[in-house]
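Single-structure report; data block below.
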There are 2 protein chains.
Amino acid sequence: MKPFAIDDIFEKRRPREFRRPVTGHEVARSAGVSQSAVSRVFTPGASVSVQTRAKVLAAATKLGYRPNLIASSLITGRSRIVGVVVPGLRNPFYAALVDALSEALSGRDYRVMLFTAWHGTSADPILDEILRYRLDALILVSAELSSRLAEECGEVGLPVVMVNRKTDSEAVSSVTGDNRAGAACIGSFLLAGSHRRFVFMAGLDSSSTSRDREAGFRERLLQAGAVPPLKVHGSYTVEVASRATRELLKARTRPDAIFCANDQMAMAAMDVARSEFGLDVGRELSIVGFDDTQLAASPAYRLTTFSQPVEKMVDNAVAILVDACNGRDLSTGPHIVGGRLVVRDSARLPPRGLSQVGGRTVWTQSAKQSID
Amino acid sequence: MKPFAIDDIFEKRRPREFRRPVTGHEVARSAGVSQSAVSRVFTPGASVSVQTRAKVLAAATKLGYRPNLIASSLITGRSRIVGVVVPGLRNPFYAALVDALSEALSGRDYRVMLFTAWHGTSADPILDEILRYRLDALILVSAELSSRLAEECGEVGLPVVMVNRKTDSEAVSSVTGDNRAGAACIGSFLLAGSHRRFVFMAGLDSSSTSRDREAGFRERLLQAGAVPPLKVHGSYTVEVASRATRELLKARTRPDAIFCANDQMAMAAMDVARSEFGLDVGRELSIVGFDDTQLAASPAYRLTTFSQPVEKMVDNAVAILVDACNGRDLSTGPHIVGGRLVVRDSARLPPRGLSQVGGRTVWTQSAKQSID
DNA sequence: ATGAAAGCGCTAACAG
DNA sequence: CTGTTAGCGCTTTCAT
């Protein structure tokens, strides 16, 4: 009776003429061994005689057997799936990050479950989903997480790693570029290029990244006794950034240097400055970005921007994650990976401090100019 | 004894002081009901009395219960996870596609498991993974799949939808833009703009998309009695496309029109033509792309390109997929969604045929010029 | 080295 | 409407 009952249930679910996936039990029967023998054959460190292994393997390939990972993860308690939450893939920097993450994780035999949230939105509702799927870990790319839920993750033992964002909550590791120092560096660079009227185009105030970049920039300018930057909002989108730039350039006294919290906004600003105001960006107006996305290097922009080393950030994040999944949680807290100011043509050059590194021109503050 | 044994096992796996996720059984005990009552409360269409529901919900929130979707999918046979295979996210067109797919699927209550393969590589090894996870369906974005495995998917009842690629195999649905017609349209457009020396920059010959675009372009040129296009290889990458363009423009007799199989290559070609050869693209040399990615519209490129309606493709793909997951497999085979030639400044304009649609300039072949 | 047996957390008949 | 019961396909003792 049993098989019939099962088949009936099955038929109700898959109304078509499908052979349902073959189970370990079936392989066992076909090979004349026990089901546990089959399991052992497919478990890396298990002890099976060569004969049994051969029999099982033969039967398995004959029947087209593939172990059901869902079932095994139910019992082992680990799914080897990690959730990746990202505010959309339209921003090339995020796309690059997720791409690298996906590759790194699959190299470590983890699968990626992708969640696209919205910019500035909390990851909370998504996280609820994630908790239901019993994922092994969670990576938050440029996404926020309420401390309540962060806590809950800690309680449940779900390792959380934030990438390109940080948080106050302990038990949540984070990997970011050096936003503060990078922004300060840009400040110095612009100062050295004798700019006077600065503007900072923010991303989202809810993002620690944008706040840190603003703080670093502002502080450096203040230290140098310059006029603090005017702050405008670009929302990390080209539409808003374009509008903001338009306003800026329509004003009677224009800024002579705009630092945008990311490359996308910087390129949008360049587009507006060049095509709507006919400005020669790099001579009449300096624009600097942050991230060093692929497009920043293209001849169409040649954007001066602070590089965020995607590979390094990803390696770090994955290392932390893997450690955490294995119970070693040594590395909680913030991790900062350094970057460089990559100098191209979108901002006026300072007289000194330029050097060549790996085919790129970078700027470093010379010793005597150094402030901190 | 039992709980101890379980706890021991648990401790071995999660070496830290974690409370393991609470189970439905625990909620049941705390609420003074049966475990199935708990299950019913969390099953949409089940009948539970208000009192029980209240008791269960109270206990559940108190304990922080979240149903284990892994366990439930083991028994229902559906995971509500679909695999999405894509050759990297660095190509903005793919990123946009995956982004839209992710959003559309999460709207239908499906989760996305992301696999990044490599361009031109078969999805086969990845698919093996996928089969082990018992995903509900598979979406192949611009990725190939051997017919052997496609068949195997059919046998197992795993619905497969290819997006931006097609295949000969039945039982595999595909959604593509109208590559052939689009390429033919570009041919006519270029002809009407009185170009003479054409080149087609291919993506990968293994991609049906590139082949279709080539065929459509070539045929149209031939029909018109023009010299067939010279074919060069761009591999869908900016490096190779740049090199190819360089070679092309170094030659004694330059082409006057280059049709690139995608926007990325077209923009790479523009970069080389402008910055290395000082050419005025759109006057001295015409370059046309395919996809109409976001960047194509930017003032820095203003690329003339055939639009692929991402939203429409995604809606189609998701609809097919959802149908298939529910056993209705009416829509297998190829689906083609149309596009338009979006005219901007990277190619010389023909005297007639231009019109405004939704704020964009598009080109349509006038009746008397029409050939097929 | 191998099989039997006991679950992992959940859903779905089936009685009541 | 609710509890009981029987598994989903697998891993892991525990004897043998």
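FYI, side chains are in, hydrogens and waters are out, and symmetry mates aren't considered; it's all heavy atoms of this structure.
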Note to self: With side chain to side chain contact (heavy atoms under 4.5 Å, CB included) as the test, pick out the partner of A:Val82 among A:Leu101, A:Ile130, A:Leu105.
What the structure shows: A:Leu105
Item checked: Among B:Leu131, B:Val84, B:Leu127, B:Ile126, the one residue meeting side chain to side chain contact (heavy atoms under 4.5 Å, CB included) with B:Leu138 -> B:Leu127
Separation of [X] atom [atom1] from [N] atom [atom2], in whole Å?
{"X": "B:Leu74", "N": "D:dC10", "atom1": "CG", "atom2": "P", "result": "9 Å"}
{"X": "B:Ile70", "N": "C:dG7", "atom1": "CD1", "atom2": "C1'", "result": "17 Å"}
{"X": "A:Asn68", "N": "D:dG7", "atom1": "CG", "atom2": "P", "result": "18 Å"}
{"X": "A:Arg78", "N": "C:dC8", "atom1": "CZ", "atom2": "P", "result": "18 Å"}
{"X": "A:Ile75", "N": "C:dC8", "atom1": "CD1", "atom2": "P", "result": "8 Å"}

Checklist line | Helix axis bend for the helix from C:dA1-D:dT16 to C:dG16-D:dC1 - C1'-based end axes, five pairs, 10° rounding | finding: 30°
Next item on the list: Looking only at side-chain atoms of B:Ser49, point me to the closest of C:dG7, D:dT2, C:dT11.
Entry: D:dT2
Check: Any chance the side chains of A:Ser34 and A:Ser36 put a donor and an acceptor closer than 3.5 Å?
Finding: yes
Respond yes when some side-chain nitrogen or oxygen of [X] is under 4.0 Å from OP1 or OP2 of [N], and no when none is.
{"X": "B:Arg20", "N": "C:dG9", "answer": "yes"}
{"X": "B:Tyr133", "N": "D:dG9", "answer": "no"}
{"X": "B:Thr52", "N": "D:dT2", "answer": "yes"}
{"X": "B:Arg66", "N": "C:dG9", "answer": "no"}

Quick test of your reading of the model: are [X] and [Y] salt-bridged, counting only N-O distances below 4.0 Å?
{"X": "B:Asp109", "Y": "B:Arg111", "result": "yes"}
{"X": "B:Glu129", "Y": "A:Arg80", "result": "no"}
{"X": "A:Arg134", "Y": "A:Asp136", "result": "no"}

Next item on the list: Could you check A:Val86 against A:Leu97 for side-chain contact (heavy atoms from CB on, under 4.5 Å), going step by step and ending with a plain yes or no?
Entry: CA-CA 9 Å; A:Val86 62; A:Leu97 226 31; over 6 Å; no
Margin query: Run the side chain to side chain donor-acceptor pair (under 3.5 Å) test against A:Thr167 and tell me which residues pass, sequence neighbours left out.
Written below: none
Checklist line | Partners passing side chain to side chain donor-acceptor pair (under 3.5 Å) against B:Ser102 (at least two apart in sequence or in another chain) | finding: A:Thr116
Next item on the list: Mind running a 4.0 Å heavy-atom check of residues 26-35 of chain A against DNA chain C and sending the residues that fall below it, in number order?
Entry: A:Val33, A:Ser34
Checklist line | Contacting residues from residues 36-48 of chain A, given that a heavy atom lies under 4.0 angstrom of DNA chain C | finding: A:Ser36, A:Ala37, A:Arg40, A:Ser47, A:Val48
Next item on the list: Taking ring pair (Phe, Tyr, Trp, His ring centres under 6.0 Å) as the test, write out the residues that go with A:Tyr65, two or more places apart.
Entry: A:Phe42
Margin query: Can you tell me how far apart OG (B:Ser30) and NE2 (B:His25) are? Round to the nearest 0.5 Å.
Written below: 12.5 Å
